[in-house]
There are 2 protein chains.
Amino acid sequence: MAQKVKLSTIADALGLSTATVSLALRDSPLVADVTRERIKDAARELGYIYNRRAASLRTSRSGIVGVCVHDVMNPFYGEILKSIETELDRQRQTFILCNHHDDLSKQRSFVDTLLQLGADGLIMSPALGTPAADIRLAEDNDLPVILIARTIDGAGVHGFRGDDAYGMGLAVDHLVSLGHRSIAMIGGTHATSTGREREAGYLAGLERGGIAFQPRWRIEGPRDRHSGFDSAATFLAMPDRPTAIVCFSDLVALGLMYGLARGGVRPGIDVAVVGYDDIDEAEIATPPLTTVSNGQSEVGECSARALIDRLQGTTASEQTTLIQPELKVRRSCGAGA
Amino acid sequence: MAQKVKLSTIADALGLSTATVSLALRDSPLVADVTRERIKDAARELGYIYNRRAASLRTSRSGIVGVCVHDVMNPFYGEILKSIETELDRQRQTFILCNHHDDLSKQRSFVDTLLQLGADGLIMSPALGTPAADIRLAEDNDLPVILIARTIDGAGVHGFRGDDAYGMGLAVDHLVSLGHRSIAMIGGTHATSTGREREAGYLAGLERGGIAFQPRWRIEGPRDRHSGFDSAATFLAMPDRPTAIVCFSDLVALGLMYGLARGGVRPGIDVAVVGYDDIDEAEIATPPLTTVSNGQSEVGECSARALIDRLQGTTASEQTTLIQPELKVRRSCGAGA
DNA sequence: GGAGAGGCCGAAATCGCTTGCAATTTCCGT
DNA sequence: ACGGAAATTGCAAGCGATTTCGGCCTCTCC
């Protein structure tokens, strides 16, 4: 390009001042319609490119929102992101993504970047072990934070997540109603609030069903497909195997089912399997996966909207809003359509 | 926060000028070691946050790189992204992600955003039908572009992708060597260069094997899991079914296998299935998926590096670099480990 | 003890846009 | 036609960091 086109270029070309041009381009009522059109035409013609850095330096509004999750490739977050994206697009906010992979230092450097860029807000599913102080740091520097999926005690910011304990209870209750008296839980750990909640729901469900929990029924682990796959071997090697399994997530369940199948055990026939999240793939899996819908899109939508509200000045809530989960009965639990 | 801490805040606190502070923080040799340390300590103490907008306004370097692909949830792109991320992190560049979902207008507005933010570069897998002019627009406005996965004729920018035709040929050759004489191809369309290349490779493979292509063997379609699942029905309904199937991608193959299984046809036993991409999941699928490794991480790494090179002044290449694919034989083709 | 050489540091101009306020023009009613 | 309200437009001061240049100090060495 020959020369950068800026406001003054347009102003000079039209014999106006940059002020008028600026106002016109932003559709201010202060400039006459004809002038505005003339200006817009000229801008288009000259190939003017709005310089957001300069603008935001002046206005301290960058139009950037950060989104930080464990891993976007995880379908669970993927669906949340999709609705966040839709909502943010509508507000003409650009969003910057970061996978922290539960690495605290990575998360910190991301937050730092956002601060440097003067981001308008941050929606995050905090990494394991994130101290409340990290959240405060952001908030104290005018970066509003909304938490999703996970909670942090004492952070004092608005959050959205599914009611994990209740949802997992739904799954266990269902299995109990099908007559199962020994139910394992695979995947997840105490390290995350989600892990703790879902395990609590599992235990509570057992108790409601009058079933005594056996420690060996609980196989902890990461939350991905591979981990589920690997857990299959552990499960298959169990003497006196449980007749049903609830999984921390669909991904774990899907991996587990691959593993069970390879071990000659048919999910949905030889053993009941239930997942959690109701990701797209659950429906077409073999067998279709019974699971708990966790309201991902609702979480995404609500969090984006909550952030936008805060940007527009509404005062912040400090509560965590729970989204109601829902059981989706399919074939993998042995019942179902 | 009480008051924003800026360079002058530090300068005042220490009785220095902002110039010295700026220089010190950027490790310039122009400032004495002791002074530098004093300044850095003060900055830390005061909670100074570097304002990139201001800096980039002055330097016209933003430290932002845009990455635009079809869909990050697609594991194929996911793996590319992972290596791009690693490489860019190393250069302390922030990256902004965009899923264009093959929507040209979405892609355009993303490019526009990057231009406004003064991004340093763009790595993209262009949406269907992206005209070369779109790429030129970016380049003309000082936004270097690197193309991945797909090519655009006449764009004249550097690109990286797997050698799709060759790779698909590998798959077909392998099936032929196993004795298959009727091979279907499922998924993909002519709309993308990838689709055309892979189909060409398929046809060439058939020809090498002395097999006459039958039009009904080609089931076109989108490139996701659902589409593969749906194609299973079409395939199963075929009179005189082919004994082997090559798929446009692993995702399609995986969905297809779910569909075949549901139809009572066992992949790897009743019909040979081969995927493309070698995503993580291929290895643990039931049966493990024979596929063609497409060098995703290499594409990611190379493209990021190429961009960085350009940022550092190396002149741009205009070629498309092909990455050599590799066949991974597993169970789904009926041979394999 | 004085001059020259370096090493450090400060003043000030810029980057491009926004915006409160002042200045100018247009337009009415009477 | 005239005064003043209404409608437009222009001025200029920032936003915060970078960077060139000139100037001040120390040191060193003769």
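All chains are named by letter (A, B, ...) in the order of the sequence lines, taking the proteins before the strands, and each is independently numbered beginning at 1.
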Handout entry: B/T94 versus B/R52, side-chain donor and acceptor atoms under 3.5 Å
Key = yes
Problem - Flag, side chain of B/D120 to backbone of B/V65, donor-acceptor distance under 3.5 Å - result: no
Handout entry: No-hydrogen, no-angle side-chain donor-acceptor test under 3.5 Å, B/T320 and B/R161
Key = no
Handout entry: Carboxylate-amine/guanidinium contact A/D71 B/K82, below 4.0 Å
Key = no
Practice task
Could you identify which residues of residues 22-33 of chain A place a heavy atom less than 4.0 Å from some atom of DNA chain C, listed by residue number, or say none?
Solution key: A/S22, A/L23, A/R26
Completion exercise
A/R61 atom CZ is separated from C/dC17 atom C1', nearest whole Å, by 17 Å
Problem - B/R38 and B/D41 ion-paired at < 4.0 Å - result: no
Problem - Whole angstrom value for the distance that separates C1' of C/dG7 from CZ of B/R36 - result: 13 Å
Problem - B/T20 side chain near C/dG10 phosphate (N/O to OP1/OP2, under 4.0 Å) - result: yes
Exercise for the section: Assess the side chains of A/T20 and A/S17: does a donor N or O sit below 3.5 Å from an acceptor N or O? Expected result: yes
Fill in the blank from the handout: First and last nt of DNA chain D near chain B, cut-off under 4.0 Å to heavy atoms, 5' to 3', are D/dG16 to D/dT19
Practice task
Would you mind classifying the nucleic acid contact of B/G118 as base, sugar-phosphate or nothing, using non-hydrogen atoms under 4.0 angstrom?
Solution key: nothing
Handout entry: Interatomic distance where CZ belongs to B/R38 and C1' belongs to C/dC8 [whole Å]
Key = 13 Å
Handout entry: Distance-only polar pair, side chains of A/R53 and B/S62, donor-acceptor under 3.5 Å
Key = no
Fill in the blank from the handout: So, with a heavy-atom separation below 4.0 Å from DNA chain C, the residues of residues 47-60 of chain B are B/L57, B/R58
Exercise for the section: Considering just the side-chain nitrogens and oxygens of B/S17, establish if one lies under 4.0 Å of OP1 or OP2 belonging to C/dG10. Expected result: yes
Problem - Electrostatic pair A/R310:A/E139 at N-O distance under 4.0 angstrom - result: yes
Practice task
State, yes or no, whether a side-chain contact exists between B/D134 and B/I152 at a heavy-atom distance under 4.5 Å.
Solution key: no
Exercise for the section: Using distance alone, with no hydrogens and no angle criterion, decide if A/Y48 and A/T9 have a side-chain donor and acceptor under 3.5 Å apart. Expected result: no
Problem - Side chains of A/Q107 and A/D103, donor plus acceptor under 3.5 Å - result: no
Handout entry: Spacing between B/L117 atom CG and C/dG16 atom P, to the nearest angstrom
Key = 16 Å
